[in-house]
Number of protein chains: 2
Amino acid sequence: MEALPERNGYLPPTIYDIAKRAKVGIGTVSRVFNNHPSVSDATRKRVLKVANSLNYQPHPYARGLARKRTNSILAVIPFFTTFFFLEILQGVQEKLGELDCDLLLYGVHHPDHVESSLRQNVLRSRVDGILFFSMAMPAAFAKQYAQMKTPVVLIDTYNKDFDSLTVENSFGAFLATNHLISLGHKRIGMLNANIESLPAHQRLKGFQRAMNEAEIPIDPLYVKKSSSTKLDGFTREAGYELMKEFIALGSEMPTAIFVSSDIQASGALAALTEAGLRCPEDISIVGFDDIELASHLGITTIRQPMAEMGAFAAGRLAERMNNLNLPPTHKMFMPSLVVRKSSAPPVVRSVKQKKVSLV
Amino acid sequence: MEALPERNGYLPPTIYDIAKRAKVGIGTVSRVFNNHPSVSDATRKRVLKVANSLNYQPHPYARGLARKRTNSILAVIPFFTTFFFLEILQGVQEKLGELDCDLLLYGVHHPDHVESSLRQNVLRSRVDGILFFSMAMPAAFAKQYAQMKTPVVLIDTYNKDFDSLTVENSFGAFLATNHLISLGHKRIGMLNANIESLPAHQRLKGFQRAMNEAEIPIDPLYVKKSSSTKLDGFTREAGYELMKEFIALGSEMPTAIFVSSDIQASGALAALTEAGLRCPEDISIVGFDDIELASHLGITTIRQPMAEMGAFAAGRLAERMNNLNLPPTHKMFMPSLVVRKSSAPPVVRSVKQKKVSLV
DNA sequence: TAAATTTATGGAAGCCCTTCCAGAAAGAAA
DNA sequence: TTTCTTTCTGGAAGGGCTTCCATAAATTTA
């Protein structure tokens, strides 16, 4: 070996260095670091002492090669969205810490790139498992992964061949609508995203169920859906536009609206302010998602248990990595209601209405 | 070798499989995959054909071991904050894609945990380089990394021994203040975070410079700083409290305030609303950071070029990985002004004031 | 005390690559 | 033709670990 100084003179100690200094064989050192039971206490201590003094850390790549496991997982997340993921990742990482596992991050910049990303990064068997967020798993990969039994957990998306977890959108919408009903509202509308998208569809269902159970007829005029294809209408602009339609109803406007996302709700609020209307005095609003913005704007909303979802996903992935033959499961998470100031009991507006609401 | 089926029967092809089928040596296969020039065209084609047909991908861990490089970098980010990082990471990843490098993510959950996190995760992961975000690098690690010449780039924080990049806070504050001045404001205040923190200090400097250059005297009553230690006073609550102090000034209140962060500005706005004051009619507000919230609340603010910073950081890290002896550099990024609706020319409030402001 | 267990240990082989050296093949020069 | 170059190629060694087999040491049992 030539004298070329690697890493500028500093060469991390290897298992051989430890073995030599501790006067044991490499196998013993390895066993110590893998908590193998058949090492005597005296030896274990001696090895650890030497190892600590040299600041030895097993080389994860060498480990990975020998063990045929990488001890790391890949999170494929859409970078075109934001906060939701950070919070889930937080949960993921906490769990991964327990499992002594590293997190590789791949951010997909554009939905069309999912496929090439997967090909480039995942196939190289650099990771033991994959967390796949919020995007449809391309068919080619779904097939390949299923066949190779690559451990994959889908979050906020679904495919029958893999473990998946989603939020019970319909139940969340039910909660939101019920909240408005229990505040005493009768004229309740829904401002929805593009109904083509699954969450929008499910949230409508929940709205309908709550209304039906309360025996409040649903006025078709009060159910507005976005036709936007941009992010399926889950945008501020979409909320703004549809709220203007509600406002155009004048005195026929609902007294409360369930909006299918906080981001739309923020647009809706802007439209209200612009029209000189106040929330909740003139109209109550409930959103969905509990993004950070919602707390700042004081929007009553539906919270998805993101940290828990992250931890669960990581845990499930670990189980699957230990047993490749588990049947795919699907776990629903129950969202919860977060009450803020955008929702309140309906205010009586005129004498005529007063009579009615005195009951 | 026993018959235990690895990975459920599927064993990824190795360089030996390719070599055998292509009737070449393993060295040749390796050379093909490393674009080594001394492979004849015919051979290269043959190898690639076999490799493709078997869907061969070099094993990154074996590569890492043999090359003594891992081709991955670690991002240590504080998970107790949010959006800023995602945007920077986006820039980082884009660059890393070019460099064929992977991104490992480590989120620190609490500032106090930085040290143990680094010890646990960084030392063992043997990544080629580290991007360290927004936190002070603990002295022990700084020393060790400097000594080992571990490639480290600091983002939004500083240490003389490493490459670092920060935003010119002082210039941003200057821009913000200047904006208010050029709108015609004379009674301009600053709502600052905890002055102990570097950014707060720098932002104050920029404020002062702008005021001095415009020859507007700074009224000490108009410069309020948080004494909170929680996140150095960069919180919504801190902004809320200090704004109440401003409001208590009554008619002596400034007509415009530069707030040292958007998050504080959101609190300040809440205090204003609560007091029945309007922004910008009664008072103009300029924030700092351009977090997502700012756009929703319509806060005029100072934007940091996050994606660019990310890409730059990754590039710089790559350079350093190629030459461990580069002297540390420090790069300043220039922020820019984003005008929204929270800032407007001062409105004349009363006859008495009219006299004054007619000047 | 000898034999049979049990417990602890050393180290070779193997994980999948890269890299280097030696040598084969093909051309060029003599 | 022979000799020297140049261009390609094969494969051993090595990177740092885990694991398994063999063996040594300590205990137990007969």
Side-chain angles (χ1 to χ4, degrees), chain A residues 1-4 6-7 10-47 50-51 54-72 100 123-126 128, chain B residues 1-4 6-7 11-47 51 54-72 100 123-126 128:
Chain A
M1 181 128 239
E2 69 284 308
L4 210 176
E6 298 295 339
R7 190 79 156 197
Y10 174 78
L11 264 175
T14 72
I15 208 172
Y16 290 92
D17 300 321
I18 309 303
K20 198 179 295 170
R21 297 220 194 186
K23 305 208 186 305
V24 296
I26 55 163
T28 300
V29 178
S30 175
R31 278 180 288 258
V32 166
F33 277 87
N34 288 288
N35 292 316
H36 196 286
S38 75
V39 180
S40 74
D41 260 21
T43 311
R44 164 166 281 126
K45 277 206 185 95
R46 192 151 37 94
V47 169
V50 173
L54 294 187
N55 225 320
Y56 169 77
Q57 298 280 76
H59 191 303
Y61 278 29
R63 268 199 159 159
L65 201 57
R67 292 211 276 229
K68 302 191 176 186
R69 303 208 325 250
T70 61
N71 260 66
S72 59
D100 190 34
L123 274 182
R124 300 188 182 181
S125 72
R126 144 163 267 172
D128 297 332
Chain B
M1 178 128 246
E2 70 284 312
L4 210 176
E6 299 294 341
R7 190 82 156 194
L11 266 174
T14 72
I15 207 171
Y16 290 91
D17 300 321
I18 310 304
K20 197 180 294 173
R21 298 218 193 187
K23 305 203 186 304
V24 296
I26 55 163
T28 300
V29 178
S30 175
R31 278 181 287 258
V32 167
F33 277 88
N34 288 287
N35 292 316
H36 196 286
S38 73
V39 179
S40 73
D41 260 21
T43 311
R44 162 167 281 124
K45 277 208 185 94
R46 192 150 37 93
V47 169
L54 294 188
N55 225 320
Y56 169 78
Q57 297 280 76
H59 190 302
Y61 278 28
R63 264 197 162 160
L65 200 58
R67 290 211 278 229
K68 303 190 175 188
R69 299 207 330 247
T70 61
N71 260 67
S72 61
D100 189 35
L123 275 181
R124 74 149 45 148
S125 283
R126 307 266 169 96
D128 294 335

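No experiment lies behind these values; they were computed from the predicted model shown. So you know, we letter chains A, B, ... as the sequences are listed, proteins then strands, and number each from 1.
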Visitor: Whole-Å distance between C:dT19 P and B:Ile15 CD1?
Guide: 11 Å

Visitor: With nearest nucleotides of DNA chain C determined for A:Ile26 and A:Ala66 from heavy-atom distances, which residue corresponds to the more 5′ nucleotide?
Guide: A:Ile26

Visitor: Starting at CZ of B:Arg69 and ending at P of C:dC17, how long is that distance when rounded to a whole Å?
Guide: 16 Å

Visitor: Could you state the atom-to-atom distance from CZ of A:Arg67 to C1' of D:dG16 in whole Å?
Guide: 12 Å

Visitor: Could you tell me the separation between the NZ atom of A:Lys68 and the P atom of C:dC15, rounded to a whole number of Å?
Guide: 6 Å

Visitor: If you define the side chain from C-beta out and look only at heavy atoms, does anything of B:Gln57 sit under 4.5 Å from B:Pro12?
Guide: no

Visitor: Locate the shortest heavy-atom distance separating A:Leu54 from A:Pro13; write the atom from each residue and the value.
Guide: O-CG, 3.5 Å

Visitor: So, for A:Tyr56 and A:Thr14, which heavy atoms are closest and what is the spacing to 0.1 Å?
Guide: CE1-C, 3.7 Å

Visitor: Taking B:Thr70's backbone N and O only, do any of them form a donor-acceptor pair with A:Tyr61's side chain (distance below 3.5 Å, no angle check)?
Guide: yes

Visitor: Between C:dC17 and B:Tyr16, counting only base atoms on the nucleotide and side-chain atoms on the residue, is there a donor-acceptor pair under 3.5 Å?
Guide: yes

Visitor: Expressed in angstrom and rounded to an integer, what is the separation of A:Arg46 atom CZ from C:dT9 atom C1'?
Guide: 11 Å

Visitor: Please give me every residue in residues 30-39 of chain B whose heavy atoms get under 4.0 Å of an atom in DNA chain D, ordered by residue number.
Guide: B:Arg31, B:Ser38, B:Val39

Visitor: Whole Å only: how far is the CG atom of A:Leu65 from the P atom of D:dC17?
Guide: 12 Å

Visitor: More 5' along DNA chain D: A:Tyr56 or B:Lys23, using each one's nearest nucleotide?
Guide: B:Lys23

Visitor: If you count every heavy atom of other residues, nucleotides or ligands that lies below 6.0 Å from A:Arg67 atom CZ, does the total exceed 12?
Guide: yes

Visitor: Considering residues at least two apart in sequence or located in another chain, which fulfil the side chain to side chain donor-acceptor pair (under 3.5 Å) criterion with A:Arg44?
Guide: none

